[in-house]
Amino acid sequence: MELLGWIFYFVISIILFIFLNFVDKKVGISKIQKLIISIIFMMIIGGICFRYVINYTDNLFLIFVFLMVIDIIYNSYFIDRDFFDKNEKNIEYYILLIIVGFLVNQEFINNVEEVFLTGEDLRIVLWFFSFVFGYSFFKEKNIFSNNNLDKSKFMSTEMVLVNYAKLKHQFNDSIDPNNRELSNVLFALMIYQNSQRSRVLRNFDYLMFRLNGKSRKLGIMQVESDKFISDLESIEIVYKEIEKIYNKKTTKSNKALDIIEKYASDVSYVKYIYGLIEKF
């Protein structure tokens, strides 16, 4: 490779280093975020090289090697920090970055005719973002909620009992049969959450979680989680939480209602459901 190519990679690595440090100081980013930003940056540079016929795309991953050298110099001579500190894991990070960069360079830059999205690619991306927007909009507006038509009304007695029978048949094995009061509270919460977030929408939640991995409410009980949990696991989590509250109560009177007041997002609605279940 000619000298101009080495100079090109070095200059690009300086630009990337400055950019990463700027973003890190502004908002703070993790190593994995730096890695992703670096790979995206390399792909953008690759796209520009393709567009303007700059023949330096074969070894673009070398900008990460130069980036490591610059980082070592910066840490050692400018901020007096030990780059090789084992706790920082900088070496492991750069080894991973260079390997990922090499693979992306070989498979997604060198083996294609165009790095930037074509018209067909953009069509797929636009439809994907349209789907994400639609999902977010329906979730925010709660359009598919059973209570959307008239939020001032609760579900009918018959609907409560039908839901109770179905959910009890499906999940009763996960609930302590010896504590009927606590069991009824859990089912009241379950019926309410199920009416607010149907199985169809929960499946969308699972899909979005697998796509971006961000913490979100999952399962029939809508438990905030940063890992995948099923309906059954969400029930078990909530049951343990309300069981702790229940056991801390010293008096037996209105234990269930106290739990509902502390735990439910819509206290009056859940109390209404609980009252019907209790009579069943």
Residue pair [X] / [Y], side-chain heavy-atom distance below 4.5 Å:
{"X": "Asn90", "Y": "Lys31", "answer": "yes"}
{"X": "Leu218", "Y": "Glu233", "answer": "no"}
{"X": "Phe64", "Y": "Leu35", "answer": "no"}
{"X": "Met208", "Y": "Lys214", "answer": "no"}
{"X": "Val65", "Y": "Tyr9", "answer": "no"}
{"X": "Gln196", "Y": "Asp266", "answer": "no"}
{"X": "Asp231", "Y": "Arg202", "answer": "yes"}
{"X": "Ile45", "Y": "Phe8", "answer": "yes"}

I need the minimum non-hydrogen distance between [X] and [Y], along with the two atoms involved.
{"X": "Glu261", "Y": "Lys271", "result": "OE2-NZ, 2.7 Å"}
{"X": "Phe10", "Y": "Ser13", "result": "O-OG, 2.5 Å"}
{"X": "Tyr263", "Y": "Glu241", "result": "OH-OE1, 2.7 Å"}

Sequence neighbours excluded, the answer for side-chain contact (heavy atoms from CB on, under 4.5 Å) partners of Glu158 is Ser156
By side-chain contact (heavy atoms from CB on, under 4.5 Å), Lys89 pairs with (sequence neighbours left out) Glu92
If we ignore hydrogens and angles and just use 3.5 Å, is the side chain of [X] paired with the main-chain N or O of [Y] as donor and acceptor?
{"X": "Tyr206", "Y": "Ile229", "answer": "yes"}
{"X": "Tyr269", "Y": "Ala264", "answer": "no"}
{"X": "Asn184", "Y": "Ile277", "answer": "no"}
{"X": "Asp24", "Y": "Ile29", "answer": "yes"}
{"X": "Lys262", "Y": "Ile242", "answer": "no"}
{"X": "Ser183", "Y": "Asn179", "answer": "no"}

Could you go through Ile220 and Phe171, starting from their C-alpha distance and side-chain angles, then the distance that decides it, and tell me whether this counts as side-chain contact (heavy atoms from CB on, under 4.5 Å)?
CA-CA 11 Å; Ile220 191 172; Phe171 298 113; 4.3 Å; yes
How long is the span from the [atom1] atom in [X] to the [atom2] atom in [Y], to the nearest 0.5 Å?
{"X": "Ile259", "Y": "Leu182", "atom1": "CD1", "atom2": "CG", "value": "5.5 Å"}
{"X": "Asp85", "Y": "Asn75", "atom1": "CG", "atom2": "CG", "value": "10.5 Å"}
{"X": "Tyr246", "Y": "Asp258", "atom1": "OH", "atom2": "CG", "value": "11.0 Å"}
{"X": "Met68", "Y": "Ile73", "atom1": "CE", "atom2": "CD1", "value": "11.0 Å"}
{"X": "Leu20", "Y": "Phe17", "atom1": "CG", "atom2": "CZ", "value": "8.5 Å"}
{"X": "Asn55", "Y": "Leu4", "atom1": "CG", "atom2": "CG", "value": "11.0 Å"}

Take Ile32 and Tyr93 through the side-chain contact (heavy atoms from CB on, under 4.5 Å) test and state the conclusion after the steps.
CA-CA 9 Å; Ile32 187 65; Tyr93 165 74; over 6 Å; no
Salt-bridged, Lys217 to Asp205, with N to O below 4.0 Å?
no
Heavy atoms of other groups near [X] [atom1], more than 12 under 6.0 Å:
{"X": "Met159", "atom1": "CE", "answer": "no"}
{"X": "Phe66", "atom1": "CZ", "answer": "yes"}
{"X": "Phe19", "atom1": "CZ", "answer": "no"}

Between Tyr192 and Ser265, does the side-chain contact (heavy atoms from CB on, under 4.5 Å) criterion hold? Intermediate values first, please.
CA-CA 10 Å; Tyr192 169 75; Ser265 57; 3.5 Å; yes
Parallel, tilted or perpendicular: which describes the rings of Tyr74 and Phe78, with under 30° parallel and over 60° perpendicular?
parallel
Stepwise side-chain contact (heavy atoms from CB on, under 4.5 Å) check, Ser195 with Asn163
CA-CA 9 Å; Ser195 71; Asn163 275 273; over 6 Å; no
For Tyr164 and Phe187, run ring pair (Phe, Tyr, Trp, His ring centres under 6.0 Å): C-alpha distance rounded to whole Å, both residues' side-chain angles, the deciding distance at 0.1 Å, then the answer.
CA-CA 7 Å; Tyr164 176 61; Phe187 275 115; 5.3 Å; yes
What donor-acceptor contacts under 3.5 angstrom involve side-chain atoms of residues 94-106, with partners at least two apart or in another chain?
{"unit_1": "Tyr94", "atom_1": "OH", "unit_2": "Asp71", "atom_2": "OD2", "d": "2.6"}
{"unit_1": "Asn105", "atom_1": "OD1", "unit_2": "Leu60", "atom_2": "N", "d": "2.7"}
{"unit_1": "Asn105", "atom_1": "OD1", "unit_2": "Phe61", "atom_2": "N", "d": "3.1"}
{"unit_1": "Asn105", "atom_1": "ND2", "unit_2": "Thr57", "atom_2": "O", "d": "2.9"}
{"unit_1": "Asn105", "atom_1": "ND2", "unit_2": "Asn110", "atom_2": "OD1", "d": "3.4"}

